[in-house]
Number of protein chains: 2
Amino acid sequence: MSEPKRRDKAATRAALLEAARRRFAEHGFDGTGVRDIAADAGVDATLIFRYFGSKQALFEAAVRVEVPEGLGRQVGDEQAASPEALAEALVREVVFADRPEHGGEHPLLVMLRSAGRPEVRARLREEVCEGYLADFAERLGGDDAELRAELVGALLIGMGLMRSVIGSPELSRASFEQTRGLVRAMVAALEGEKSQG
Amino acid sequence: MSEPKRRDKAATRAALLEAARRRFAEHGFDGTGVRDIAADAGVDATLIFRYFGSKQALFEAAVRVEVPEGLGRQVGDEQAASPEALAEALVREVVFADRPEHGGEHPLLVMLRSAGRPEVRARLREEVCEGYLADFAERLGGDDAELRAELVGALLIGMGLMRSVIGSPELSRASFEQTRGLVRAMVAALEGEKSQG
DNA sequence: TCGATAAGTCAACAAGTGATGACTTATGCT
DNA sequence: AGCATAAGTCATCACTTGTTGACTTATCGA
């Protein structure tokens, strides 16, 4: 029936990581025990400490994500993408992401379910503000550009929250295309409100 | 030094409730122990079960909030308040609320720190969707009114999240008045996007 | 002043937590 | 084949968790 399961450190580590992602995504940090994760992965719980050091370290590895170039911090020089287009890309990336290996959700949304923990909040702040909203402000222009950029961030992460944490009916059912025009309109409205243009 | 502390059921219950609100607001459900709450209140932990039944029931009592009339479900008939004005009132009420007895924050935001628990998510959905966004959709009009109402909800709760959970720099520092115009503009933009007007 | 009743305290349990170190077993090289 | 080493397991610790029931003590009317 089941093959005797060859010993493979890398595969075991990967299985642990995947099981952790799913558990943490669904139940949050505190709602997940190391034994649950290990059981899902089909290995012994102590391997978590062998391979990752601690439950906390496993969590950090599980929600680690690379910000795609061109979405957050700009690498080269201006690509001349409009704020609306950038916001649209962020919505697709973060809110409507399909990540089977993270339990279907973007790590940022996964972290929201563990927002009771200070370290998680700190990472959220870092990734949202510095990772994603960093050059958004420059792109917007005006002297309260940072504030307006954070409002866009609030809209995006609020959408993610409504979809995956709160589970509001319409946003949960909606497709990226359905929200696309509405988001663009809201972001565009922000451009017409520069306090010093 | 300290008076012998007269026995008073009501006062003890109230002290427990206040301590619970503060603890839950800061550390979330899982990050708070019944002994912590009791210590803050200066009473024995077992009184929590005497007066509330369980930790979970205490939490529910602690985050219970009455939706002010005129903000959520409409009681009488149309007051003809514009969606922008309604959104503005909601921002003031939820995002910029000053509630010393809840640790300074609106219960909805307090609940966000305990979003790992399914019951908390269910209450959030209920209060946000049915409590606050209920008649917002009618007010907006158009055939995707519910979706647009939820986008406003996403913006509002996203703002609260950025301020009190994530702690983004600009929104945390900003005053209600500073965000007012921007929020109005974003909500107004949504009205120009009715898919069937 | 006595005593009933309500208010508050104490000790403890049963289950679960993350984490550790010693042990066993499979693997792959010589 | 045999052995060193890496991979995986087991028993268990030290601690915390929510919760319970029996106990003590203050309060207030008769």
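Numbered from 1 within each chain, the chains take letters A, B, ... in sequence-line order.
Using modelled atom types, one side-chain atom of A:Arg113 and one backbone atom of A:Ser164 make a donor-acceptor pair closer than 3.5 Å. Using modelled atom types, one side-chain atom of A:Arg123 and one backbone atom of A:Glu60 make a donor-acceptor pair closer than 3.5 Å.
A salt bridge links A:Glu18 with A:Arg22: the distance from a Lys NZ or Arg NE/NH1/NH2 to an Asp or Glu carboxylate oxygen falls below 4.0 Å. In this structure, A:Asp40 pairs ionically with A:Arg23, as a charged nitrogen and a carboxylate oxygen lie closer than 4.0 Å. Between B:Arg99 and B:Glu93 there is a salt bridge, since a side-chain N of the basic residue sits under 4.0 Å from a carboxylate O of the acidic one. The residues B:Asp30 and B:Arg117 are annotated as salt-bridged, a charged nitrogen and a carboxylate oxygen being separated by less than 4.0 angstrom.
Counting to the nearest Å, the P atom of D:dG18 and the CG atom of B:Leu16 are 13 Å from each other. In this structure, the CZ atom of A:Phe52 is 15 Å from the C1' atom of D:dA7, given to the nearest Å. Rounded to an integer number of Å, the gap from B:Phe29 CZ to D:dG18 P is 7 Å. The distance between atom CG of A:Leu47 and atom P of C:dG18, rounded to the nearest whole Å, is 15 Å. Per the geometry, NZ belonging to B:Lys55 stands 8 Å off P belonging to D:dT17, to the nearest Å. In this structure, the CD1 atom of B:Ile37 is 11 Å from the P atom of D:dT19, given to the nearest Å. One interatomic measurement links the two molecules: CD1 of B:Ile48 to P of D:dG21, which rounds to 17 Å at whole-angstrom precision. The separation between B:Asp36 atom CG and D:dT17 atom C1' is 11 Å, rounded to whole Å.
One finds a side-chain N or O of B:Tyr51 lying less than 4.0 angstrom from the OP1 or OP2 phosphate oxygen of C:dG8. For D:dG18, neither phosphate oxygen OP1 nor OP2 lies less than 4.0 angstrom from any side-chain nitrogen or oxygen of B:Ser54.
Candidate nucleotides C:dT9, D:dA7, C:dG8 were compared by shortest atom distance to the side chain of B:Asp44, and C:dT9 ranks first.
Each of B:Thr32 and A:Ala10 has a nearest nucleotide on DNA chain D; the 5'-most of these lies closest to A:Ala10.
Taking only distance into account, the side chain of B:Arg35 meets the base of D:dG18 through a donor-acceptor pair shorter than 3.5 Å.
Under the 4.5 Å side-chain contact rule for hydrophobic residues, B:Val65 and B:Phe24 do not share a cluster.
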(request) Summarise how protein sits on nucleotides 20-30 of chain C as a single string, 5' to 3': B when a protein heavy atom is under 4.0 Å from the base, S for sugar-phosphate-only contact, - for no contact. (result) BBB--BSSS--
